[in-house]
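All chains are named by letter (A, B, ...) in the order of the sequence lines, taking the proteins before the strands, and each is independently numbered beginning at 1.
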Amino acid sequence: MKINLKINNINRDIDVEPGEVLYDVLRRCGFTSIKKACGTSSCGVCTVLLDGMPVPSCSYLAVKADGHNITTIEGIKEEADRIGKFMVEEGAVQCGFCSPGFLLTVIAMEREIENPDSQGIKNYLAGNLCRCSGYEGQLRAVKKYMGVSE
Amino acid sequence: MKEVNKSVPKKDGMGLTVGKPAYTEDLAPQNALTVKVLRSPYPFARIKNIDTEKAEKLKGVKCVLTYKNVPRNIVTRAGQGYPEPSPHDKFILDEYVRYIGDEVAAVAAEDEVTAVEALKLIEVEYEKLEPVLDFERAEGHPSIIHPEKEAHEMFPTGFNPSKNIAAEYHMSFGDLDKTLKKCDYVVSERYYTQAQNHTAMETHSSFAYVDINGRLNIVSSTQTPFHARRIVGEALGLPLDKIRVIKPRIGGGYGGKQALHGEFLVALVALRTGRSAKLIYTREEVFEATYTRHPMRIDVTIGADKDGNIKAIDMEILSNTGAYAEHALTVFMVAGSKTLPLYNKAEAVRFGGKVVYTNHTPAGAFRGYGAVQGNFALEATIDKLALAVGKDPVEFRVQNMIKEGETSPVFKIMGEGTEGVDMTVDSCKLEYCVKRGMELCGWKDKYPRKQIGKNKVRGIGSAIAMQGSGIPCIDMGSAVIKLNDGGFFNLMVGATDIGTGSDTILAQIAAEALGVSTDKVVVYSSDTDLTPFDCGAYASSTTYVSGNAVYRAGRKMKGLIEKAGAERFGVSKDEVEFDGEFIRTKDGRNSVSLSQLSTELYYSNKQKQLMVCESFCGEVSPPPFLAGFAEVEVDLETGKVDLIDYTAVVDCGTPINPNLARIQIEGGLVQGIGMTMFEGVKYGENGKLLTNNFLQYRIPSRKDINKLTVEFAESYEPSGPFGAKSVGEIGTDTPPAAITNAIYNAIGVRVTKLPVTPEYILMELKKKMK
Ligand code: FES
Ligand code: FES
């Protein structure tokens with residue numbers, strides 16, 4: 001069946017199978033920034049923004065996204081570069097596999113909550129797992145990026 | 001030092017963060033065939049009959065592989081140096097399946113849906129065999145897991161498959177029984193550790209194609225491309241000159257990608273069909289059918305005299321390697337060889353035990369590599385002994401632990417699968433680490449416990465650890481440096497960056513040795529055709545082993561540049577120096593920029609390519625050290641344990657890149673914390689792994705980590721590149737002991753089985769009440 005997705009502000013008509021998840025559709029369309037780690041919506045690695053809200057694309061039916069806006073890292077290069085710089089300067093990126101999903105969630109957080117504190121940041125990003133970094137570096141980077149001092 | 005001991009941004013950091021296509025699956029050709037594996041539903045069975053006709057006829061299926069149509073060469077997938085200390089006990093596909101998840105057949109099809117559909121059409125008739133699921137009953141079990149006559153060890157390792165024994169080893173010095181008898185204090189304990197899973201976020205991935213010259217190319221998420229080439233050649237019966245292995249960016253490894261998983265199958269499909277073929281493991285496959293940490297049962301006895309001097313240590317291990325004996329001997333030996341030297345004044349030491357086969361998912365390399373398990377048992381028992389002696393456990397450690405300039409007989413006796421090497425520890429700031437850690441965590445105020453409200457108690461605990469820096473006399477790393485016009489360099493290394501940042505720190509070492517800035521060094525790594533050899537990313541070897549090779553290459557290149565400058569000026573080499581930008585005569589009369597000289601060397605004056613290659617194989621393996629301190633809060637009503645704070649002070653020599661060293665430690669700590677507190681492994685009755693996804697198997701999330709404090713000691717390892725030792729594994733080692741010691745100090749319950757669960761704590765508390 002055909003669905004319409006507005007991916008990074010470009011409208012596309014895409015043929016999908018009824019059971020197909022958003023992750024597979026987006027990868028198929030060439031958005032390789034999106035990674036998959038669990039397939040059970042437990043790790044946040046496959047996060048994309050759907051109308052600005054983070055969703056796990058591995059478990060989100062493509063048909064449900066029909067008519068919605070999808071944002072991937074490819075679509076917000078400048079913001080990604082800005083946050084990415086803080087991550088890299090902090091040495092918070094190791095294998096990087098969790099990074100695209102993480103960055104998109106940080107962007108959503110930034111839009112959603114004003115002046116978060118450390119605990120607020122941890123809570124918002126709790127669904128984004130990272131097996132390499134031990135999380136502290138990511139927290140330091142996000143705090144610096146958002147100007148959170150404590 | 002200008003370029004090392006400096007937090008240079010990771011070279012691939014930006015690209016990875018913003019999701020550039022870089023990992024195996026991103027690079028696989030769009031039209032690659034999808035390979036899917038049919039896996040055994042039984043823990044132990046023989047395939048009586050396998051019929052693939054229907055699957056082969058399905059539209060879109062290009063190739064079906066079973067044990068009947070693949071080469072039958074027995075190998076080990078372990079990804080170690082050669083000859084391997086792991087026995088050869090694995091065929092690409094076999095008529096026996098030895099655990100739930102073992103490979104039965106593989107299908108390659110135009111797309112995933114078709115491949116999955118085809119798997120269902122394969123008809124298999126199994127003869128079910130009695131499985132061996134309890135590792136404490138594996139030895140001498142009526143079921144023999146490896147009856148095949150081809151299975152063999154590469155050198156004596158105690159391999160005895162007729163008894164389900166994968167490896168056996170014993171060592172001792174001094175008279176243990178006599179020494180223990182003379183001790184005033186003797187304590188013993190038995191510990192169990194679980195089959196922790198690596199859970200690298202990128203699942204095991206590979207693809208293969210045949211290139212224009214008819215050569216097999218494999219792109220794989222491997223930690224050991226050169227070993228992978230050798231082992232694929234061996235398994236497929238293919239000459240090595242027909243194989244190229246390339247490692248792109250890797251989404252985490254931690255030992256789990258040291259071995260081969262999937263490479264044989266994509267290679268065979270590519271060779272048979274002439275098409276590219278990819279195999280991307282599902283998360284469930286990673287859990288069920290790759291590797292785990294070796295579960296162990298460890299018995300420790302330690303004795304001390306009346307003044308609290310440790311006199312005797314006994315460690316006896318039973319290790320469970322699962323269905324295949326990958327890393328069986330070596331992981332088990334490291335449980336002793338990288339823990340026992342910590343208490344080097346013991347007069348009598350005995351270490352030994354067996355590694356058994358069971359019908360579980362194979363165990364393999366996992367960051368810490370036995371040292372984690374051994375450290376848990378040793379350091380928990382040390383606390384117990386300190387208490388018996390009546391000393392503060394930290395002071396007790398300081399009294400007994402190894403110091404700079406000292407040695408241990410264990411170094412010479414135990415290596416990894418073979419004898420070790422004699423060495424003194426020329427850099428050991430463990431005492432500083434311990435004392436600084438005590439300050440940072442507030443030990444004096446907090447030890448042993450504090451009541452927090454009615455039902456909550458906080459406790460603090462400690463542990464110390466050591467690791468190594470590569471496997472001495474075995475593991476080799478090498479580096480090529482090439483000077484380009486414009487005055488920049490290519491650094492080619494076999495070393496394998498699996499997210500660790502090794503490309504970056506090796507570039508820093510090269511830059512420092514050359515005297516140039518790190519951005520003048522462009523790194524290309526881990527391609528068996530284009531880069532020189534390196535054993536790969538394991539055994540904490542990259543900074544020290546590969547780093548030393550890079551250091552040598554950098555120095556040599558600097559000499560060549562000065563020589564070329566001298567020739568240009570018509571003076572002798574001694575009169576010339578290179579300061580990183582200009583080559584000058586010491587009298588200041590002549591000077592030329594590197595940029596100009598290198599361009600002249602290409603195009604206009606005494607033309608030649610400057611290029612060097614150097615190798616390094618360590619004669620010693622200088623241990624990094626770490627002191628770890630955990631503060632926990634135990635809820636007496638629910639049994640829940642929260643980790644309040646973890647402090648680690650590390651001696652890794654010079655940290656080449658402090659930011660990247662720090663994150664290595666932080667990441668290692670959290671993996672150790674996960675093993676201690678969260679990562680429970682459960683099996684069904686028939687041996688089916690129940691914790692085979694991220695819902696059932698819980699790794700720590702950022703909410704579980706309250707506070708990590710990491711500092712580095714000032715230390716300089718004379719044999720390391722610019723004073724560096726390795727840092728990849730040591731972070732993982734202390735959490736099991738430090739956290740469980742903290743729990744003991746809080747509530748008097750000694751946790752002897754990992755992970756700690758609320759149920760466990762409540763049960764033990766109840767027992768104590770009685
Ligand atoms: S891959 Fe989708 S949440 Fe983990
Ligand atoms: S950096 Fe590797 S999983 Fe986060």
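Heavy atoms of Gln664(B) lying under 4.5 Å from chain A belong to its backbone as well as its side chain. For Glu25(B), the parts sitting under 4.5 Å from any heavy atom of chain A are the backbone and the side chain alike. Neither the backbone nor the side chain of Asp24(A) comes within contact range of chain B, judged by heavy atoms closer than 4.5 Å. Within the 4.5 angstrom heavy-atom criterion, atoms from both the backbone and the side chain of Lys122(A) approach chain B. Neither the backbone nor the side chain of Arg249(B) comes within less than 4.5 Å of any heavy atom of chain A. Looking at Arg662(B), only its side chain comes within 4.5 Å of chain A, counting heavy atoms on both sides. Of the atoms belonging to Leu708(B), heavy atoms from both backbone and side chain fall under 4.5 Å from chain A.
Between Ile250(B) and Cys95(A) the shortest heavy-atom distance is O-CB, 3.3 Å.
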For Leu139(A) and Arg702(B): C-alpha separation, side-chain torsions, deciding distance, then whether side-chain contact (heavy atoms from CB on, under 4.5 Å) applies. CA-CA 9 Å; Leu139(A) 182 64; Arg702(B) 71 191 70 235; 5.7 Å; no
Please step through side-chain contact (heavy atoms from CB on, under 4.5 Å) for the pair Asn693(B) and Cys38(A), ending with a clear verdict. CA-CA 7 Å; Asn693(B) 56 55; Cys38(A) 73; over 6 Å; no
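Taken to the nearest 0.5 Å, the OG atom of Ser33(A) stands 10.5 Å off from the NZ atom of Lys20(B).
Taking the side chain as every heavy atom from C-beta outward, Thr40(A) and Arg283(B) never approach each other to under 4.5 Å. Taking the side chain as every heavy atom from C-beta outward, Lys36(A) and Glu202(B) never approach each other to under 4.5 Å. Between Cys132(A) and Tyr254(B), the closest side-chain pair of non-hydrogen atoms falls below 4.5 Å.
Contacts with chain B were tallied for Glu89(A), Lys35(A), Lys85(A), Arg28(A); Lys35(A) has the most, counting heavy-atom pairs under 4.5 Å. Interface remark: of the candidates Asp81(A), Thr72(A), Ile34(A), Ile76(A), Asp81(A) forms the most heavy-atom pairs closer than 4.5 Å to chain B. The candidate with the highest count of non-hydrogen atom pairs below 4.5 Å against chain A, out of Ile699(B), Thr282(B), Leu669(B), Leu660(B), is Ile699(B). With respect to chain B, the highest number of heavy-atom pairs below 4.5 Å among Ser42(A), Gly39(A), Cys43(A) belongs to Ser42(A). For the set Ser7(B), Pro658(B), Gly13(B), the entry with the most heavy-atom pairs within less than 4.5 Å of chain A is Gly13(B). Interface remark: of the candidates Asn659(B), Asp704(B), Thr17(B), Thr17(B) forms the most heavy-atom pairs closer than 4.5 Å to chain A. No other option in Ile665(B), Asp497(B), Val670(B), Ile663(B) has as many heavy-atom pairs under 4.5 Å with chain A as Ile663(B). With chain B as the partner, the residue from Ala80(A), Ala126(A), Cys130(A), Gly137(A) showing the most heavy-atom pairs under 4.5 Å is Ala126(A).
Taking non-hydrogen atoms and a 4.5 Å limit, the residue list of residues 96-109 of chain A in contact with chain B, ordered by number, reads Gly96(A), Phe97(A), Ser99(A), Pro100(A), Phe102(A), Leu103(A). Residues of residues 14-21 of chain A lying within less than 4.5 angstrom of chain B, judged on heavy atoms, are absent.
In this structure, Asn706(B) has no side chain to side chain contact (heavy atoms under 4.5 Å, CB included) partners at least two apart in sequence or on a different chain. Qualifying side chain to side chain contact (heavy atoms under 4.5 Å, CB included) partners for Asn123(A), counting only residues two or more places apart in sequence or in other chains: Gln119(A), Lys703(B).
Taking a cutoff of 4.0 Å between a charged side-chain nitrogen and a carboxylate oxygen, Asp26(B) and Arg27(A) qualify as a salt bridge. A salt bridge links Arg131(A) with Glu679(B); the closest basic N to acidic carboxylate O contact falls under 4.0 Å.
Although no hydrogens or angles enter the test, the distance criterion places a donor-acceptor pair under 3.5 Å between the side chain of Lys10(B) and the main chain of Gln94(A). Using a distance-only test at 3.5 Å, with no hydrogens or angles considered, a donor-acceptor pair links the side chain of Tyr135(A) to the main chain of Pro700(B).
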